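Encoded as structure tokens, the structure appears first; notes follow it.
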Amino acid sequence: MSFGGPTNPYQPPGPPAHGPYTPPPYVPPQPGPAPYGYPHPHPHPPHPHPQPYPYPYVPQPQPGRGGLRGGEWPSVRELLRQGQPRVSGCVWLVLLAPCTWFVFLPLVLGYSFARSARIRARRLFPHTHRAVDDRRVTRVQQVRAWTAAAMSLLLLAVYGKPEDVTEAQEQYMMRLVVTPPLLLLSAPVVIAVLFRWASAETRSAMRARVRVALRSARWYVGAVMAVPLLGGVIIMLGRNQTPSSGSAGAAPWLILATALPLAWLLFFLGFATGPAVRTGFNTAAVHAALPALLTGTLVWEFAAMSLVAGGLPPGPPLIQALAVIGGPASVTAVVWWEIRRLRTLYGVTLRA
């Protein structure tokens, strides 16, 4: 019996008073919760193989110039909610004044029309103009385009005259105006050739995709045809608005009712023309090689139109021949190389 203090609980028991000492059997520690006050030896055991995130990362459009260009435009209500805490009371009094509505209301109405037309244009003509995203082909196309532009400027700087520069500007504007209708006329011919070459299974799949392209083309053609019609109606109503006529009071409201859809159509054409030309009116969904074939066809048509409308470019005969044939020939070479990569790398074929 010990009188110096409490017995040590961690000291093994001593030998009994009578008989030999037999140690207790060894019992391994069993897994279980750690006692109160003692930390777990491995509170957070590391995973031997960290697993990747199950969903792919999708970058969100940032606010500002890039966000408005690539993402969706906010509505007028969202813009007012974002700007309301930052506007003081004096500024709101100025905005609520009757004279301010003559400036504020057209801006709000114009923004609403532009946003609605942009949404419709992006739904009809997505910005993806290639079924196969080949970065190497895109890089070669950009290099060829910048090289052609530099050679054209160099040719005008060395051999050009002031009238040649004016003629080049007129031809550039003519191409901007002629490209959509020329594309609408050339696409059915190229699609018919592809249908002739394709197999029966490919034709059945292409027919459904052609309907989507035709629907978007009808929207664009209808908007182009409706703009001069509405403009003519506004001109006729403006001419008929005289003080002696009995309809002088209703003419301004009729002009306003006609000008609103005209403004929406102009916004729609402004947002849809670029994507429609780049996507070939959604012909990339019909066949992966169709945008390349359309590009090769259009470049020779533009060369023929420029030769007929403006004649030969300035310079010696050899330079003139190279300027006329070099551009379309280089585009045709890039198109042939792109179709060859589609066939070898992605299995896209033209013939059955």
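Worth knowing before you read on, the calculation uses all heavy atoms, side chains too, and leaves out hydrogens, waters and symmetry mates. Computed from a predicted model, the values in this text were never measured in an experiment.
Cluster membership check: Val221 shares its hydrophobic cluster with Phe281, using side-chain heavy-atom separations under 4.5 Å among Ile, Leu, Val, Met, Phe, Trp and Tyr. Taken together through direct or relayed side-chain contacts under 4.5 Å among Ile, Leu, Val, Met, Phe, Trp and Tyr, Ile191 and Val277 form parts of separate hydrophobic clusters. Residue Val233 is grouped with residue Leu262 when hydrophobic side chains (ILVMFWY) are merged at heavy-atom distances under 4.5 angstrom, including chains of intermediate members. Both Leu266 and Ile234 are assigned to one and the same hydrophobic cluster, defined by single-linkage of ILVMFWY side chains at heavy-atom distances under 4.5 Å. Linking ILVMFWY residues whenever their side-chain heavy atoms come closer than 4.5 Å, directly or via other members, places Trp264 and Val224 in the same cluster.
Looking only at side-chain heavy atoms (C-beta outward), Val193 and Trp197 come within less than 4.5 Å of each other. For the pair Arg218/Leu214, a side-chain contact is recorded, criterion being any heavy-atom separation below 4.5 Å from C-beta on. Side-chain contact check for Leu182 versus Met305: some heavy-atom pair is nearer than 4.5 Å. Side chains of Val299 and Thr295 form no contact here, defined as non-hydrogen atoms less than 4.5 Å apart. Between Phe267 and Arg115 there is no side-chain heavy-atom pair separated by less than 4.5 Å.
Thr273 contributes no side-chain N or O that, together with a main-chain N or O of Gly270, makes up a donor-acceptor pair within less than 3.5 Å. Judged by distance alone, the side chain of Ser186 and the main-chain N or O of Leu183 form no donor-acceptor pair under 3.5 Å. Side-chain atoms of Arg209 do not come within 3.5 Å of backbone N or O of His287 as any donor-acceptor pair.
Counting heavy-atom neighbours within 6.0 Å of Met174 CE, excluding the residue itself, gives a total above 12.
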Does the pair Leu293 and Leu194 meet the rule for a side chain to side chain contact (heavy atoms under 4.5 Å, CB included), with working shown? CA-CA 10 Å; Leu293 295 176; Leu194 278 179; 3.9 Å; yes
Would Leu176 and Met173 satisfy side chain to side chain contact (heavy atoms under 4.5 Å, CB included), going step by step from the backbone distance to the final call? CA-CA 5 Å; Leu176 292 179; Met173 297 303 298; 4.2 Å; yes
Go through the steps to decide whether Gln141 and Val137 satisfy the test side chain to side chain contact (heavy atoms under 4.5 Å, CB included), and finish with yes or no. CA-CA 6 Å; Gln141 290 174 350; Val137 173; 3.6 Å; yes
Give the C-alpha distance, both sets of side-chain angles, the deciding distance and a yes or no for side chain to side chain contact (heavy atoms under 4.5 Å, CB included) between Phe271 and Ile119. CA-CA 9 Å; Phe271 288 117; Ile119 291 175; over 6 Å; no
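Contact between Arg144 and Ser330 at its shortest, heavy atoms only, is NH1-OG, 3.0 Å. In this structure, Ala198 and Met206 approach most closely via the heavy-atom pair CB-SD, 4.3 Å. Closest approach of Glu338 to Ala292, counting heavy atoms only: OE1-CB, 3.6 Å. Gly296 approaches Val335 most closely through the heavy-atom pair N-CG2, 4.0 Å. Between Ile319 and Pro314 the shortest heavy-atom distance is CG2-O, 4.5 Å. Pairing each heavy atom of Asn282 with each of Ala213, the nearest pair is O-CB, 3.9 Å.
Here the straight-line distance linking atom CG of Leu260 with atom CG of Leu230 works out to 10.5 Å at 0.5 Å rounding. Atom CG of residue Leu185 and atom OG1 of residue Thr297 lie 12.5 Å apart, to the nearest 0.5 angstrom. Distance check: Thr283 OG1 to Leu294 CG gives 5.0 Å after rounding to the nearest 0.5 Å. Atom CD1 of Ile339 is separated from atom OG1 of Thr344 by 11.5 Å, given to the nearest 0.5 angstrom.
Qualifying side-chain hydrogen bond (donor to acceptor under 3.5 Å, both in side chains) partners for Trp300, counting only residues two or more places apart in sequence or in other chains: Thr332.
Arg175 forms a cation-pi arrangement with Phe302, by the criterion of a distance under 6.0 Å to the ring centre and an angle within 45° of the ring axis. Cation-pi geometry between Arg120 and Trp219 is met: under 6.0 angstrom from the ring centre, within 45 degrees of the axis.
Between Phe125 and Tyr220, the ring planes lie perpendicular to each other; the angle is over 60°, past the 30° to 60° tilted range.
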